[in-house]
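Structure, as C-alpha cells:
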Amino acid sequence: MTATDDPARTVPALLEELDGLADPRILEVNRRHGDEHAVNLSALRAVAKRLRSDHELALALWATGQVDARLLALLIAKPRLLSPEELDAMLREAGTPKVQDWLVNYMVRKSKHAEVLRGRWMEDPDPVVQSAGWALTSEAVAKHPEVLDLTALLDDVEARMATAPERLQWAMNQTLATIGIEHQELRERALAIGERLGVLRDYPTSAGCISPFAPIWITEMVARREEA
C-alpha cells in the first residue's frame, strides 16, 4: 500500500484524528489570546512526525480552513514548493496568530522568497500582513543587517509602535529589541525608545522568562552574552 492509498493519511481521517485529540480546555485558554487551536502542540507534532513531509496532503489540509489542520499542514509542507504568490495568499487567509506565526517561521523563513516577501509585506496597508514583514525584519536585523536601514527602522518604531494594532506592535517591538541586542552602536537609542514608549512595560511574565518590554529584554540578553 502506498502512502497515497493509506486511509489513515486522508484528510477526513486526519480531521477525525485531530477532533479526537482536541481538548476544550486548551481551546478555552487559546481563545483568550485570539487563537482557535484545541490540540496540544506536542500531540500535533507527533502526528506530523508520523506523516513526515507530504506537500500534497499539506495543501489539502490547509484548504479545509480548520485551524488545527492548518497547523499540521505547516509541519508537513515543503517550503521550497511554495511560490511567493502562494505564501502571500496563505498569510492573508491564515486568520489566527498561531497559524500566522508558524507560516512565517516554518514556511516563509525557509523559502528563497523570504526577502522579497519581507519587503512587500512591510509596505502592506493591512497591519496583520505588515506584522509578518516586521517579524521577518527582526530576523534580518540579526542575520542580514546589510539589507536594512536600521536607523530608519528605529524612526518608524518610534513614530508608530505605541499606537499600532496588537500583532503589529508585538512584531515592531521584537525588531526594536533585536536592534538593541545585536547592534551596540544603536543600543542606547533602542533602550531610550523602549523606555519612552513604555510598550509592554507591564506585560505579565512567568518566572524564568524574560519580559517582552524592550529595555528589560535588551539588557538581559546583552548581559547573558557577556557572561557566556
Side-chain angles (χ1 to χ4, degrees), residues 34-35 48 52-65 67 69-161 163-183 185-186 190 193 199 212 214 217:
D35 273 307
R52 300 185 180 181
S53 294
D54 189 330
H55 195 70
E56 184 177 350
L57 179 58
L59 293 180
L61 287 167
W62 181 273
T64 67
V67 174
R70 284 188 162 177
L71 292 173
L72 178 59
L74 294 170
L75 292 173
I76 65 172
K78 297 179 180 179
R80 62 183 174 82
L81 298 182
L82 292 166
S83 69
E85 292 72 27
E86 288 173 312
L87 289 167
D88 183 79
M90 291 171 76
L91 177 68
R92 294 176 192 279
E93 63 188 27
T96 68
K98 181 62 72 176
V99 174
Q100 178 181 328
D101 181 56
W102 280 24
L103 175 66
V104 171
N105 283 293
Y106 299 158
M107 295 291 108
V108 183
R109 280 181 171 159
K110 297 178 181 180
S111 166
K112 63 182 179 181
H113 310 298
E115 180 56 27
V116 169
L117 290 170
R118 186 195 69 80
R120 181 186 304 177
W121 290 341
M122 285 287 283
E123 301 299 325
D124 199 278
D126 184 336
V128 172
V129 174
Q130 195 180 133
S131 71
W134 278 90
L136 293 171
T137 296
S138 178
E139 182 177 47
V141 166
K143 296 182 178 181
H144 309 290
E146 68 279 359
V147 305
L148 303 171
D149 183 337
L150 299 179
T151 299
L153 284 174
L154 288 177
D155 290 344
D156 203 6
V157 167
E158 190 167 25
R160 298 197 296 128
M161 186 173 74
T163 57
E166 184 178 10
R167 272 198 248 180
L168 177 55
Q169 186 180 71
W170 270 92
M172 295 179 83
N173 182 70
Q174 182 179 10
T175 298
L176 173 64
T178 305
I179 291 173
I181 293 165
E182 300 291 340
H183 298 278
E185 72 281 7
L186 295 172
I193 290 172
V199 170
W217 189 354

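Owing to the predicted nature of the structure, the values given are computational and were not obtained by experimental measurement.
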**Request:** Would you name the heavy atoms of Met172 and Val157 that are closest together and state the gap between them?
**Result:** CE-CA, 3.8 Å

**Message:** With a 4.5 Å cut-off on side-chain heavy atoms, are Pro97 and Glu166 touching?
**Reply:** no

**More than 12 heavy atoms of other groups within 6.0 Å of Glu115 CD** = yes

**Item:** Set of residues satisfying side-chain hydrogen bond (donor to acceptor under 3.5 Å, both in side chains) with respect to Asn105, sequence neighbours excluded
**Value:** Asp101, Arg109

**Request:** Output all residues satisfying ring pair (Phe, Tyr, Trp, His ring centres under 6.0 Å) with Trp217, sequence neighbours left out; order by chain, then residue number.
**Result:** none

**Message:** Measuring only between side-chain heavy atoms, which start at C-beta, is Met122 closer than 4.5 Å to Leu153?
**Reply:** yes

**Prompt:** Looking at side-chain heavy atoms only, is the closest gap between Trp121 and Gln130 below 4.5 Å?
**Reply:** no

**Request:** Look at Arg120 together with Asp124 and state whether they make a salt bridge at an N to O cut-off of under 4.0 Å.
**Result:** no

**Message:** Do Asp54 and Glu56 have side chains that approach each other closer than 4.5 Å (heavy atoms only, starting at C-beta)?
**Reply:** yes

**Asked** If we only count heavy atoms from C-beta on, is the Thr96 to Arg70 side-chain gap below 4.5 Å?
**Response** no

**Asked** Where do Trp134 and Leu176 land on the side chain to side chain contact (heavy atoms under 4.5 Å, CB included) test, with the steps shown first?
**Response** CA-CA 10 Å; Trp134 278 90; Leu176 173 64; over 6 Å; no

**Prompt:** Stepwise, does the side chain to side chain contact (heavy atoms under 4.5 Å, CB included) test hold for Leu150 with Glu182?
**Reply:** CA-CA 11 Å; Leu150 299 179; Glu182 300 291 340; over 6 Å; no

**Asked** Sequence neighbours excluded, which residues qualify as ring pair (Phe, Tyr, Trp, His ring centres under 6.0 Å) partners of Trp62?
**Response** none

**Item:** Validation row: Glu86, Met107 side chains within 4.5 angstrom (heavy atoms)
**Value:** no

**Asked** Less than 4.5 Å apart, any side-chain heavy atom of Arg160 and any of Leu168?
**Response** yes

**Ser138 side chain to Ala135 backbone, donor-acceptor under 3.5 Å** = no

**Request:** Flag the pair Asp35 / Val67 as yes when at least one side-chain heavy-atom distance between them is below 4.5 Å, and no otherwise.
**Result:** no

**Message:** Main chain of Ala171, side chain of Thr175: is a donor-acceptor contact present, judged purely on distance under 3.5 Å?
**Reply:** yes

**Item:** Criterion side-chain contact (heavy atoms from CB on, under 4.5 Å) against Arg118, the qualifying member of Val108, Leu136, Val104
**Value:** Leu136

